[in-house]
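Because the structure is a prediction, the values reported are computed rather than measured. Note: hydrogens, waters and symmetry copies are ignored here, and every other heavy atom, side chains too, is used. Counting starts at 1 for both ligands and their atoms, in listed order.
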Amino acid sequence: MDKIVVQGGRKLKGEVRISGAKNAVLPLMAAALLTEEPSQIENVPNLQDVQTMIKLLRVLGAKVHYSDHILEVKPGRDLKLVAPYHLVSTMRASFCVLGSMLARLGEAKVSLPGGCIIGPRPIDLHLKGLEGLGSTISIEHGYVVARAKNGLCGSDIFLGGKFGSSVLATANVLMAATLARGTTYIENAACEPELVDLANFLIKMGANIKGHGSHLIEIKGVRKLRGARHTVISDRIEAGTFMVAGAMVKGSDVLVRDCCPEHIMAVIDKLSQAGIAIKKGRTTVRVRRNGTLKTLDITTLPYPGFPTDLQAQMMALTTVAPGISVITEKIYPDRFIHVSELNRMGCKIFLEGASAIIHGVVRLSGAPVMASDLRASAALILAGLAAEGTTEVRRVYHLDRGYEQIEKKLSSLGAVIRREKE
Ligand code: EPU
């Protein structure tokens with residue numbers, strides 16, 4: 001297993017290019033199964049999760065070719081009915097094939113997704129939505145078995161849960177509804193940019209969709225979809241991570257390129273409140289840190305609120321803002337596994353229910369720490385950038401699921417960082 005070793009205290013300077021969005025491309029790959037015709041997806045990041053999804057599409061019978069960030073999917077006529085445990089259990093996004101397989105084949109058997117370190121990840125909204133389209137669903141031997149022998153039927157579906165809307169449940173129902181008879185309304189739909197990207201791809205495939213990006217999506221079912229060509233949006237979470245990187249050490253000046261500033265307004269707002277100078281361009285954000293950081297009060301919320309996928313990284317920043325900051329998690333109340341590791345680096349964070357109370361310090365001290373999930377791994381690397389001495393982030397395999405060459409991108413900005421075998 002690899003570890004990342006960071007020598008802290010270096011100012012970051014220069015430009016960094018943001019890759020295509022992981023959480024956009026994975027549902028797009030599932031959507032490509034909705035037709036037998038080939039599709040081409042561009043700006044596809046080379047990530048472990050993309051490789052896992054490629055394996056799953058191949059197991060389902062599609063031909064897939066991936067090189068130079070371009071992915072070609074040729075689903076062909078005969079798809080298999082079963083998405084197996086060994087692939088779906090490793091990555092929740094693969095559960096998205098349920099909606100597309102059910103719509104295309106009238107039947108699907110998809111393994112229940114695995115447990116997750118960031119807390120419970122139920123699937124009740126996915127199942128409620130697909131049942132609402134007229135399928136019958138049963139759980140058999142760890143698999144979700146969905147059947148709609150006479151095809152799916154458009155319907156009014158309310159997709160709100162205890163924690164608000166669900167991104168991947170909306171994606172599953174949206175994909176399934178494109179081939180249903182009649183019109184579907186998804187109320188309390190998620191409106192994250194990754195879903196808008198999915199809807200745009202489906203529209204290129206011939207789907208009739210309105211309202212994507214709002215909480216009410218209208219889908220008029222069509223008989224068939226065709227193959228399409230699409231470029232994935234840039235990754236707002238990677239962009240936010242590099243913006244935080246540019247804020248960790250006084251004197252840093254980082255230009256984040258090829259991003260969508262309008263997708264990261266909540267992050268821009270919080271960094272500005274912390275005293276960071278931000279300059280937005282059309283596809284760039286420049287981040288400059290001059291003085292001491294101010295403390296922050298952050299609550300994670302569905303888009304356009306502050307994203308849960310940047311909570312850990314922002315916490316790393318507040319550890320070096322002298323005074324008390326508060327971060328409240330409203331999407332995954334247990335997503336605080338990074339707290340004990342950040343405390344090993346010399347700050348004091350207390351958990352009070354779904355809130356973290358952070359007593360920021362002037363300087364962190366480098367330490368060996370353990371990465372627990374994807375975003376926590378990034379947060380520990382960010383903390384290492386600002387720490388005195390060496391930080392070793394162990395078990396970083398999660399990192400490769402969602403960040404393309406993060407250590408190379410950081411070293412191009414002047415960070416002293418390397419990957420080593422444990
Ligand atoms: N929820 C339910 N029932 C469901 C589905 C979700 O109660 O059937 C709850 C969840 O437990 C959570 C909330 O609804 O409290 C929101 O979860 P959501 O379903 O939106 O999460 P997701 O679609 O499974 C995607 C991202 C996550 C990101 C969340 C929230 C992908 C592949 N994953 O997951 O990304 O945190 O939306 O924005 O798109 C990451 O990239 O590190 C990551 C975890």
Side-chain angles (χ1 to χ4, degrees), residues 19-31 45 47-50 52-53 56 88 90-99 112-132 137 144 157-175 186 188-198 215 232-233 235-241 263-264 266 300-313 329-335 337-338 354 371-379 398-404 406:
S19 301
K22 164 181 92 76
N23 289 347
V25 75
L26 299 172
L28 291 179
M29 291 169 74
L47 302 172
Q48 198 49 51
D49 276 7
V50 169
T52 305
M53 196 69 170
L56 177 59
V88 181
T90 60
M91 186 185 76
R92 192 175 165 84
S94 53
F95 193 64
C96 268
V97 295
L98 181 62
L112 287 160
C116 191
I117 193 91
I118 65 179
R121 312 260 319 250
I123 52 159
D124 54 309
L125 295 173
H126 299 246
L127 304 190
K128 177 186 173 190
L130 295 175
E131 280 176 332
I137 293 191
V144 174
I157 292 167
F158 181 80
L159 271 192
K162 197 167 147 193
F163 297 98
S165 53
S166 160
V167 178
L168 291 179
T170 306
N172 247 331
V173 178
L174 174 63
M175 284 190 264
I186 308 179
N188 212 333
C191 50
E192 271 66 7
E194 293 77 14
L195 263 173
V196 176
D197 204 38
L198 172 64
H215 288 301
V232 183
I233 54 168
D235 196 312
R236 63 192 168 105
I237 306 303
E238 190 196 11
T241 303
H263 292 167
I264 35 181
T300 65
L301 288 168
Y303 186 81
F306 192 90
T308 173
D309 293 341
L310 281 168
Q311 179 256 108
Q313 300 89 316
E329 181 51 76
K330 288 264 172 109
I331 309 290
Y332 301 114
D334 298 324
R335 197 180 200 174
I337 217 90
H338 41 282
S372 51
D373 78 312
L374 167 58
R375 309 304 173 187
S377 314
H398 297 284
L399 201 63
D400 302 324
R401 293 187 43 213
Y403 288 95
E404 193 175 32
I406 191 170

Which heavy atom in [X] sits nearest to a heavy atom in [Y], and how many Å separate them?
X      : Y      : result
Thr300 : Ile331 : OG1-N, 3.7 Å
His398 : Ser372 : NE2-O, 2.9 Å
Pro45  : Val25  : CD-CG1, 4.2 Å
Asp49  : Leu26  : O-CD2, 3.6 Å
Ala190 : Val167 : CB-CA, 3.7 Å

Approximate separation, where rounding is to 0.5 Å, of Ser166 OG and Asn172 CG: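 Interatomic distance, Ser166 OG to Asn172 CG, rounded to 0.5 Å: 8.5 Å.
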
Interatomic distance, Ser19 atom OG to Asp235 atom CG [nearest 0.5 angstrom]: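 If I round to the nearest 0.5 Å, the distance is 7.5 Å.
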
Can you find an N/O atom of [X] closer than 3.5 Å to an N/O atom of ligand 1?
X      : result
Gly164 : no
Arg92  : yes
Lys162 : no

Which protein non-hydrogen atom lies closest to [atom], naming both residue and atom, and how far is it?
atom                    : result
atom 32 (C) of ligand 1 : Asn23 OD1, 3.2 Å
atom 41 (O) of ligand 1 : Arg375 NH2, 2.8 Å
atom 23 (O) of ligand 1 : Leu168 N, 2.8 Å
atom 22 (P) of ligand 1 : Arg121 NH2, 3.7 Å
atom 13 (C) of ligand 1 : Phe163 CB, 3.8 Å
atom 17 (O) of ligand 1 : Tyr332 OH, 3.6 Å
atom 15 (O) of ligand 1 : Ile331 O, 2.6 Å
atom 8 (O) of ligand 1  : Leu125 N, 2.8 Å

Close approach of [X] to ligand 1, heavy atoms, under 4.0 angstrom:
X      : value
Gln311 : no
Pro122 : yes
His126 : yes
Lys22  : yes

Enumerated ligand 1 atoms positioned under 4.0 Å from heavy atoms of Ala93: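 Listed by number with element: 32 (C).
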
Subset of ligand 1 atoms that lie under 4.0 Å from at least one heavy atom of Leu374: 42 (O)

Other residues, nucleotides, ligands: >12 heavy atoms within 6.0 Å of Lys128 NZ: yes

Ignoring hydrogens and angles, tell me if any N or O in the side chain of [X] forms a donor-acceptor pair with the backbone of [Y] under 3.5 Å.
X      : Y      : value
Asn188 : Phe158 : no
Arg335 : Thr308 : yes
Arg92  : Arg121 : yes

Residues Lys22, Glu194; criterion salt bridge (Lys or Arg N to Asp or Glu O under 4.0 Å); working and verdict: CA-CA 9 Å; Lys22 164 181 92 76; Glu194 293 77 14; over 6 Å; no

Option with minimal heavy-atom separation from atom 25 (C) of ligand 1, where the choices are Val167, Leu159, Asp309, Leu195: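 The nearest heavy atom belongs to Val167.
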
The one among Ala376, Ala169, Ser166, Pro27 that brings a heavy atom closest to atom 19 (O) of ligand 1: Ser166

